[in-house]
Colleague: 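Structure incoming, see below.
Residue numbers begin at 1 in each chain, while the letters A, B, ... track the order of the sequences. This one's a predicted model, so the numbers in the text were calculated from it and none came from an experiment.
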Amino acid sequence: MDTLIVVLGPTGVGKSNISIQLAKHFHSEIISADSRQFFRELSIGTAVPSQEDLKLIPHHFIQTKSIHNYYNVSEFEIEALTTISRLFLKCNPLFLAGGSMLYIDTICKGIDDIPTVDLDVREEVTRWYENNGLEALRQRLLEVDAEYYRIVDLNNPKRLLHAVEIHQMTGKPFTSFRKNTIKERPFRILKVGINQDRKVLYDRINIRVEQMMAAGLLEEARAVYPHRNLNSLNTVGYKELFSYFDGDCTLVEAVDLIQRNTRKYARKQLTWFRRDQQIQWFEPEQVKEIINYIDQKMTENE
RNA sequence: GGUGCCAUAGCUCAGUUGGUAGAGCAAUGGACUGAAAAUCCAUGUGUCCCUGGUUCGAUUCCAGGUGGCACCA
């Protein structure tokens with residue numbers, strides 16, 4: 001049976017390296033589930049695999065988009081599933097590796113069919129919110145979608161905005177699109193989590209940020225600085241350096257903040273993954289154990 | 001060596017007219033359906049430097065000590 005091995009874990013734990021070893025062992029390829037490694041303008045700050053690694057093992061969805069093109073998880077679902085079914089013709093197991101929680105879940109469980117918001121609608125509703133405030137936004141949502149109003153986090157403007165945008169665009173309440181059904185996939189999914197001692201992870205993250213700076217992250221960030229308002233650049237490692245370019249902080253402070261925000265991101269990833277009971281957890285050194293685990297599962301269910 | 005100022009949470013500090021304390025940041029936990037490396041929510045943390053004195057009661061007042069900073073020698 002076709003099996004997709006999902007290699008997940010917090011940022012900086014060594015997922016890329018491990019999934020390359022696994023793909024090599026199983027003569028397979030890797031689909032990336034990393035919402036920032038899609039962008040070809042961002043390579044140092046998103047820690048994409050090296051050119052040698054990319055040559056060694058074919059990767060998909062790495063640096064295939066531009067920061068200028070709006071991209072979202074739904075488009076990823078469609079594209080990635082197409083790629084996955086094509087690759088299963090020659091590889092099994094196949095690997096999905098990355099740390100973007102929502103993107104992983106979307107491949108595993110699917111996401112409801114909700115229209116993509118036009119950028120002009122987004123701009124219009126956002127401007128309305130900026131002029132009228134959060135309370136007005138809540139009231140507007142209550143009028144158009146009382147059901148969602150009851151369950152949504154009323155402090156989170158992005159959630160409210162999206163529901164209002166969908167109504168503005170379609171004339172239907174956001175809730176009418178939210179089916180919350182789990183899509184069945186025509187392949188088996190095995191989740192392999194990589195984690196390690198929190199302190200060791202944090203040290204690795206701090207060092208990795210220093211290495212990124214040494215590798216030229218500052219220049220990479222400066223090159224995209226003119227486009228800082230793009231959503232794709234609302235990204236750890238770039239937004240902090242933009243503040244430095246603005247003169248709002250020193251370079252040392254900016255780098256410090258990158259480290260801190262990366263640590264926070266790792267913590268947030270772990271919070272998300274913690275509730276997923278399907279994940280089998282390993283330490284970064286346990287590549288052999290992971291291979292044994294996959295072998296065992298592959299024969300179990302043939 | 002002398003004088004002055006300071007010593008409170010992991011850090012930077014506030015405060016207690018004497019009744020054993022609180023902000024920011026950090027840290028930790030949580031939410032999450034097309035912006036997700038986004039966005040939002042919640043939670044502690046303590047020999048109040050040490051030793052004595054005054055007091056029913058001292059982190060707070062007093063004395064001495066220790067450490068730090070500044071100035072003068």
Side-chain angles (χ1 to χ4, degrees), chain A residues 9-12 15 32-39 42 44-48 67 69-80 98-119 121-123 125-126 129 134 137-138 145 148 151-163 165-166 169-170 174-183 198-199 201-202 205-206 208-209 212 217 221 229-242 249 253 256-276:
Chain A
T11 187
K15 293 184 296 292
S32 170
D34 188 307
S35 71
R36 289 302 187 267
Q37 289 184 357
F38 297 142
F39 301 113
L42 316 180
I44 298 170
T46 60
V48 294
I67 55 169
N69 300 125
Y70 177 80
Y71 194 62
N72 64 44
V73 68
S74 178
E75 290 177 48
F76 178 67
E77 179 187 26
I78 295 163
E79 285 188 65
S100 299
M101 302 85 83
L102 181 64
Y103 284 66
I104 292 170
D105 277 5
T106 294
I107 297 303
C108 296
K109 300 191 288 196
I111 193 161
D112 287 327
D113 193 20
I114 297 167
T116 293
V117 175
D118 297 335
L119 287 181
V121 170
R122 168 148 299 167
E123 209 171 299
V125 175
T126 302
Y129 162 61
L134 186 59
L137 185 64
R138 288 175 183 153
D145 193 346
Y148 192 57
I151 56 166
V152 73
D153 176 359
L154 291 170
N155 286 315
N156 192 332
K158 291 219 170 159
R159 299 273 151 70
L160 307 180
L161 280 168
H162 187 231
E165 285 162 358
I166 293 293
M169 224 177 71
T170 66
F174 179 58
T175 329
S176 66
F177 297 99
R178 259 173 61 103
K179 305 279 186 258
N180 238 321
T181 50
I182 293 175
K183 292 178 190 164
R198 186 75 62 100
K199 249 184 153 162
L201 178 66
Y202 281 7
I205 286 172
N206 293 340
R208 196 174 70 161
V209 171
M212 285 176 179
L217 179 58
N229 290 326
L230 294 170
N231 173 60
S232 46
L233 293 177
N234 189 187
T235 298
V236 174
Y238 298 87
K239 55 184 176 182
E240 297 85 354
L241 291 174
F242 296 160
C249 65
E253 285 167 343
D256 203 64
L257 202 56
I258 293 173
Q259 293 173 323
R260 202 188 303 158
N261 286 338
T262 307
R263 282 182 255 131
K264 277 187 180 174
Y265 174 50
R267 193 145 51 78
K268 207 174 65 175
Q269 288 172 303
L270 288 167
T271 297
W272 181 294
F273 294 139
R274 206 171 283 139
R275 69 178 173 186
D276 189 340

Colleague: Taking atom P of A36(B) as reference, at what distance in whole Å does atom CD of Gln269(A) sit?
Modeller: 14 Å

Colleague: Under the rule for ring-ring contact (aromatic ring centres under 6.0 Å, His included), what residues qualify as partners of Phe174(A), not counting sequence neighbours?
Modeller: Tyr148(A), His162(A)

Colleague: For A36(B) and Tyr103(A) - does any side-chain N or O of the residue sit under 4.0 Å from the phosphate oxygens OP1/OP2?
Modeller: yes

Colleague: What nucleotide among A35(B), U39(B), U28(B) has an atom nearest to a side-chain atom of Asn231(A)?
Modeller: A35(B)

Colleague: Looking at the side chain of Val236(A), which of A38(B), A27(B), U28(B) is the nearest nucleotide?
Modeller: A38(B)

Colleague: Does one side chain, of Ser100(A) or Arg36(A), offer a donor that lies under 3.5 Å from an acceptor on the other?
Modeller: no

Colleague: Given atom CG of Leu161(A) and atom P of A38(B), what is their separation to the nearest angstrom?
Modeller: 17 Å

Colleague: Return the value, rounded to whole Å, for the distance between atom OH of Tyr129(A) and atom P of U39(B).
Modeller: 12 Å

Colleague: Rounded to whole Å, please give me the gap between CZ in Arg159(A) and C1' in G34(B).
Modeller: 12 Å

Colleague: Figure out the CD/P separation between Glu75(A) and G34(B), and round it to whole Å.
Modeller: 13 Å

Colleague: Which whole number of Å gives the distance between the C1' atom of U12(B) and that of U55(B)?
Modeller: 34 Å

Colleague: For Leu119(A) and A35(B), give me the distance from atom CG to atom P, rounded to whole Å.
Modeller: 10 Å

Colleague: Just by distance, with hydrogens left out, do Arg138(A) and Asn155(A) show a side-chain donor and acceptor under 3.5 Å apart?
Modeller: yes

Colleague: Measure the shortest side-chain to side-chain distance between Ile107(A) and Phe76(A) over non-hydrogen atoms and say whether it is less than 4.5 angstrom.
Modeller: yes

Colleague: Show your working on side chain to side chain contact (heavy atoms under 4.5 Å, CB included) between Thr11(A) and Val236(A) and close with a plain yes or no.
Modeller: CA-CA 11 Å; Thr11(A) 187; Val236(A) 174; over 6 Å; no

Colleague: Does the ring centre of Phe39(A) sit less than 6.0 Å away from the ring centre of Tyr71(A)?
Modeller: no

Colleague: In whole Å, what is the span from the NZ atom of Lys158(A) to the P atom of A36(B)?
Modeller: 8 Å

Colleague: Between protein and nucleic acid, restricted to nucleotides 40-43 of chain B and to nitrogen or oxygen atoms under 3.5 Å apart, what atom pairs and distances do you find?
Modeller:
residue	atom	partner	partner atom	Å
C40(B)	O4'	Asn156(A)	ND2	3.3
C40(B)	O2'	Asp153(A)	OD2	2.6

Colleague: Looking only at side-chain atoms of Arg36(A), point me to the closest of A36(B), A35(B), G34(B).
Modeller: A36(B)

Colleague: Is the base of G34(B) syn or anti, if syn means a glycosidic angle within 90° of 0?
Modeller: syn

Colleague: The side chain of Arg198(A) lies closest to which of these nucleotides: A36(B), U28(B), C32(B)?
Modeller: U28(B)

Colleague: Without decimals, in angstroms, what is the distance between Phe174(A) CZ and A35(B) C1'?
Modeller: 13 Å

Colleague: For Asn72(A) and for Met101(A), find the nucleotide of RNA chain B with the closest heavy atom, then tell me which residue's nucleotide is more 5'.
Modeller: Asn72(A)

Colleague: Only Watson-Crick and G-U wobble pairs with both distances less than 3.5 Å should count. Give RNA chain B in dot-bracket notation, marking inter-strand partners with |.
Modeller: (((((((..((((.....[..)))).(((((.......))))).....(((((..]....)))))))))))).

